[in-house]
Amino acid sequence: MHDIKVENIMFSYDKEPILENINMKIEAGDFVCLLGQSGCGKSTFLRLMAGLSEPDSGTIFVGDNPLQGASLDRGVVFQDYSLFPWLTTGKNIVLSLQQKFKNESKKDLKKRALYYLKKVGLEESTFDKYPNELSGGMRQRSAICRSFALDPPILLMDEPFGALDAVTRAKLQDMVLDLWRKDKENRKTILFVTHDVDEALLLSTKIFVFGSSPSKIIYTHSFKDEEKADRDSLFKNEEALELRNKLIHIINRDIEEKLIEGR
Ligand SMILES: Nc1ncnc2c1ncn2[C@@H]1O[C@H](COP(=O)(O)OP(=O)(O)OP(=O)(O)O)[C@@H](O)[C@H]1O
């Protein structure tokens, strides 16, 4: 369990600056939501966190160690489910587990996969089904199942529920919150990209709002434990409503400023 420190990260694509001077402090066990308008660089930042790209300058520390490349310590869930279509769901999960739990037998890995399939609300029979035989929600549950079964201390989630209908989305939000909360001793640090303010308010212990062109952090909010609203109280709690309006205002202002700049 390690804190994460992001120091002065700069990143550009083909000399086009995307991220400018990103600084963050994240405590181990935080549920962090990264908010911001479309195209501002949230996914780019998550790719840096995953070690899939390198910053032009600056350093990300996990504990005392500068982050270098991809690692099984950081699991990733993307919006597009990222399951190989030619393998059954079970084989997809076991294949990933084999990389981490090298000494475990296939039987034990299957047992582990089935345990987590149940945890994410999927039937055992899902194990033998191909991804195209599952609904979008079931595929995303499978991808989340794989990530939790791998048990990384840090989980990076890039708009994992963006493609789902509202009801499935709400169910999966509750499921991830539940999985994160229950693991009290060893709570994962989650970095979750979304452009949905309500989703961020429901899930996060900490919110970073990314501005655009090039992206800087334009607002940060940390919740104290007692402030945290749940789904039932979210829209009844005045402070949460005030924060919601503030976040929407900050993001809209950022969009308007970008439109004015582009004129
Ligand atoms: N591989 C790439 N090559 C060049 N430019 C890229 C590449 N990937 C992303 N970009 C650009 O970088 C900027 C940031 O993109 P990014 O996907 O990180 O934004 P985002 O905030 O995650 O957006 P969204 O919420 O729409 O997913 C955008 O202008 C995008 O067009």
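Just so it is clear, the model here is predicted, and its values are computed rather than measured. Read the numbers this way: they start at 1 and go in the same order the structure lists the ligands and their atoms.
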| message | Which residue and atom name correspond to the protein heavy atom nearest atom 25 (O) of ligand 1, and how close is it? | response | Lys42 NZ, 2.8 Å
| query | Nearest protein heavy atom to atom 22 (O) of ligand 1, by residue and atom, and its distance? | reply | Ser43 OG, 2.7 Å
| Relative to ligand 1, is Glu16 under 4.0 angstrom through side chain, backbone, both or neither, heavy atoms considered? | neither
| query | If you draw the axis of the six-membered ring of Phe223, does the NZ or CZ of Lys206 fall within 45° of it and under 6.0 Å from the ring centre? | reply | no
| On the ring face of Phe61, is Lys5 found with NZ or CZ under 6.0 Å from the centre and within 45° of the axis? | yes
| field | Salt bridge present between Arg169 and Asp196 (N-O < 4.0 angstrom) | value | yes
| request: Would you confirm whether any non-hydrogen atom of the protein falls under 4.0 Å from atom 7 (C) of ligand 1? | output: yes
| note | atom 26 (O) of ligand 1 sits nearest the protein heavy atom Ser38 OG, 2.6 Å
| field | Atoms in ligand 1 flagged as close to Ile18, the criterion being non-hydrogen separation under 4.0 Å | value | 12 (O), 13 (C), 14 (C)
| Residue, atom name and distance, where the atom is the protein heavy atom closest to atom 19 (O) of ligand 1 | Gly41 N, 3.2 Å
| So, do Phe161 and Phe192 have ring centers that fall under 6.0 Å from each other? | yes
| query | Between Gln37 and His195, do the side chains contain an N or O donor and an N or O acceptor separated by less than 3.5 Å? | reply | no
| query | Are Arg112 and Phe101 in a cation-pi setup, meaning NZ or CZ lies under 6.0 angstrom from the ring centre and within 45 degrees of the ring axis? | reply | yes
| field | Nearest protein heavy atom under 4.0 Å from atom 31 (O) of ligand 1, yes or no | value | no
| said: Using a 6.0 Å cut-off, check whether atom CD of Gln98 has over 12 heavy atoms from anything other than its own residue. | reply: yes
| note | closest protein heavy atom to atom 1 (N) of ligand 1 is Tyr13 CE2, 3.8 Å
| task | State the atoms of ligand 1, each with its element, that fall below the 4.0 Å cut-off from a heavy-atom position in Glu159. | result | 25 (O), 27 (O)
| message | What protein heavy atom lies closest to atom 13 (C) of ligand 1? Include the residue and the distance to one decimal. | response | Gly39 O, 3.5 Å
| query | What protein heavy atom sits nearest atom 15 (O) of ligand 1, and how far off is it? | reply | Thr44 OG1, 3.8 Å
| request: Kindly indicate, with the supporting measurements, whether the criterion side chain to side chain donor-acceptor pair (under 3.5 Å) is fulfilled by Glu199 and Thr194. | output: CA-CA 7 Å; Glu199 184 163 69; Thr194 178; 2.8 Å; yes
| field | Contact check, Cys40 vs ligand 1, heavy-atom distance below 4.0 Å | value | yes
| Chi angles and distances behind the side chain to side chain donor-acceptor pair (under 3.5 Å) call for Thr205, Asp30 | CA-CA 6 Å; Thr205 56; Asp30 262 339; 2.9 Å; yes
